[in-house]
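Below: the structure, in structure tokens.
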Amino acid sequence: MNIIVCIKQVPETGNIKIDPETHTLIRSGVPSIVNPMDLYAIEEALRWKEKLDASITVMTMGPPQAQEALKEAISMGIDRGILLSDKKFAGADTYATSYTLSLAIRKLAPYGLIFCGKQAIDGDTAQVGPGIAEHLNIPHIAYVRKIEEIDQDKGIVKAQRLMEDGYESLEVQIPALLTVVKEINEPRLPSLKGKMRARKAEIPIWEATDLEKEGEDAFGLSASPTQVKTIFAPPSKAKGEIFTGEASIIAQSLLERIRAQKII
Amino acid sequence: MDYFLTEEQEMIRDLARRIAQEKILPLRVELDEKEEFPWSIMKNLAEADLFGIYLPEEYGGTSGGCFELCLVVEELSRVCAGVALCFATSALGTFPLLLFGNDQQKKKYLSAIAQGEKLVAFALTEANAGSDAGGIQTTARLEGNEYVLNGTKQWITNGGEAEIYTVIAMTDKARGSRGASAFIVEKGTPGFEFGKKEKKLGIRSSSTRELIFTDCKIPKENLLAREGMGFIVAMKTLDTSRPGIGAQAIGIAQGALDEALVYARERIQFGKPIISFQAIQHMMADMATQIEAARFLVYGAARYVDSGAKDISKISAMAKVFASDVAMKVTTDAVQILGGYGYMRDYPVEKMMRDAKITQIYEGTNQIQRNVIALQLIKEKAKGK
Ligand SMILES: Cc1cc2nc3c(=O)[nH]c(=O)nc-3n(C[C@H](O)[C@H](O)[C@H](O)COP(=O)(O)OP(=O)(O)OC[C@H]3O[C@@H](n4cnc5c(N)ncnc54)[C@H](O)[C@@H]3O)c2cc1C
């Protein structure tokens, strides 16, 4: 079976800056990591690799430096990576991104399973995974916390979808797309041999001309129905009160304040 | 400081550092308190391919050597020397096989060792044979196609947890030190049992146990090298592994300096961070200088061992003695810098000081190492070198 894992390279949180003109994230110069949720997708694919005798491809759409994220996945044990990179892809919203990824995935047919992380820590939309499935016209299960069964003969996958008040057990036809939550597993660290393999790995770059699109404006900002009007930091909470002075006096004032609020 | 590591050595160091930070750091206090063997971390190290770094590729290793081992042991020890010891001892126990094993023996055992599926231990010491290894009383008697082992080994690191044991026993007591031989003994062999587990000052997550052999029969093929080679196997093994103890010592010392630096910047007395006092600054300058000197010596010794040189006893002993003395001094000073807080279990430096002490004792005490160095100096002088 062919398994595909879609990952995203994201800025390390705490370092995020926004371009005041385009209202998109400034990515250059910021340390990048594999989106933490995607590590669970990579891990889950790896756990099923042997049982399904699968070959796993990891894919990302991003700038040239995003190949580092693919190499990280390869160092964990993924077989190969493909980078979708073209100026035309830039500024894509979740619709255009999932469309572009779906075109690339079509080129890898036949595929059995596609894994994505629940959401990316920068955009936080959780839309790209399900979006890919819709563009491919295949079923998906989002927020998977456990895969109960994958039966290649019957062509089904059974999985538990995490809900706020429990979980649902769902069964869908293969090929299918699953987005996973962190409850599903504990991602492994890279291995030395994996790192050595990743260092040598050639990552093919697919550009817009490599994909068979429909229509003219298929990619990037111009194909994105979502237009970001403003991005703003939510107002931070009111400043806390800072007590100064000797420790015993500080403790006393704090106690009074807590009592006044009837917390104790 | 740049130690001119290859890209692969950097990968090894970075992987070890990441495991130390992400996996060992959250567990180290608990492992120390509960004296629990760190199996989950052994699994992390195995998955990262680190058990094979000094083993040939044909057995699933990555063909590094003593130096690569030192890099890993140093990084792990910087966070927890007890966990590092469990890893390092597996290499100690494997050296006899690697250096003296025949093809069949290597084929049989090395792949599982490289994958970290099986841990190894090395058993020389007995109740009456510590520094004087010539005093060992465990015997191995050839009967048909089997050796029959009788006796008790003491203070064996990884005892009970390891699957494979390299054991030194007397095959011919009359021949004295030429009458010892080295054997491979597998856990689960009838007549091979584990005795009491020691309660220790430091490195408490590692296990230290007795191995008890009562008419324990092992196949003749488990003899390493030839009969009578036991002490040569043991000495060459320890010469090869001693820089690793040096690396453990540097790691502990570096970890203690790291903690002292953080603390000294934060602790305010007399209205200033204590790091602004020259007495503290000079202490830290000495600590850092001693660590760097030890690191040069240990790395140099490890690289010399890996060069295939024969005369490694002296430099290995020097690396072990110097680095372990530095570790004891630096950790004691780190506790001093943290003052009363340093003495408490809420801070990690008291553990580091407890852990450091062992590096001056095992794999040959520092007194014995100085004997080795001096003897070598005398020999060299006599040879007119
Ligand atoms: C935690 C721990 C783990 C260990 N793990 C292992 C293991 O995995 N495998 C193994 O085989 N052994 C192991 N050992 C044993 C260790 O190697 C010995 O403890 C060490 O070699 C010293 O022997 P001893 O303790 O009997 O001390 P002794 O030999 O009794 O020495 C006592 C003191 O006398 C000094 N002394 C002795 N002889 C001389 C001399 N000729 N000149 C000057 N001073 C001398 C020593 O330096 C020391 O200070 C371990 C020990 C410990 C504590």
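Predicted model only: the values in this text are computed from it and were never measured.
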Please evaluate residues B/Arg18 and A/Glu72 with respect to the criterion salt bridge (Lys or Arg N to Asp or Glu O under 4.0 Å), reporting the C-alpha separation (whole Å), side-chain torsions for both, the decisive distance (0.1 Å), and the verdict.
CA-CA 14 Å; B/Arg18 197 164 155 190; A/Glu72 171 98 6; 3.5 Å; yes
Within the supplied structure, the quantity of interest is the number of heavy atoms (other residues, nucleotides, ligands) at a distance under 6.0 Å from B/Gln336 CD; does it exceed 12?
no
Over all heavy atoms of both residues, which pair between A/Ser191 and B/Leu15 is shortest? Give the atoms and the distance, please.
C-CD1, 3.8 Å
Should the heavy atoms of other residues, nucleotides or ligands under 6.0 Å from CZ of A/Arg47 be counted, would the total exceed 12?
yes
Within 6.0 Å of CZ in A/Phe243, more than 12 heavy atoms from elsewhere:
yes
By a 4.5 Å heavy-atom criterion (distance strictly below it), what part of B/Ile53 contacts chain A: side chain, backbone, both, or neither?
side chain
If you count heavy atoms of other groups shown closer than 6.0 angstrom to CZ of B/Phe277, is the number above 12?
yes
Quick check: does any side chain N or O of A/Lys193 sit under 3.5 Å from a backbone N or O of B/Thr62, one acting as donor and the other as acceptor?
no
Interatomic distance, B/Glu47 atom CD to A/Leu189 atom CG [nearest 0.5 angstrom]
8.0 Å
Tell me whether the count of non-hydrogen atoms from other residues, nucleotides or ligands lying under 6.0 Å of OH in A/Tyr167 goes above 12.
no
Check this for me: A/Ile264, atom CD1, are more than 12 non-hydrogen atoms of other residues, nucleotides or ligands nearer than 6.0 Å?
yes
Kindly give the heavy-atom pair with the smallest separation between B/Asp49 and A/Leu192, and that separation in Å.
OD2-N, 3.4 Å
Short N-O contact, A/Glu186 and B/Lys23, less than 4.0 angstrom
yes
Most chain B-contacting option - heavy-atom pairs closer than 4.5 Å, from A/Ser75, A/Gly77, A/Gly194, A/Pro190
A/Pro190
Chi angles and distances behind the side-chain contact (heavy atoms from CB on, under 4.5 Å) call for A/Lys195, B/Glu8:
CA-CA 9 Å; A/Lys195 275 179 166 257; B/Glu8 194 174 313; over 6 Å; no
Would you say NZ of A/Lys49 has more than 12 non-hydrogen atoms from neighbouring residues, nucleotides or ligands within 6.0 angstrom?
yes
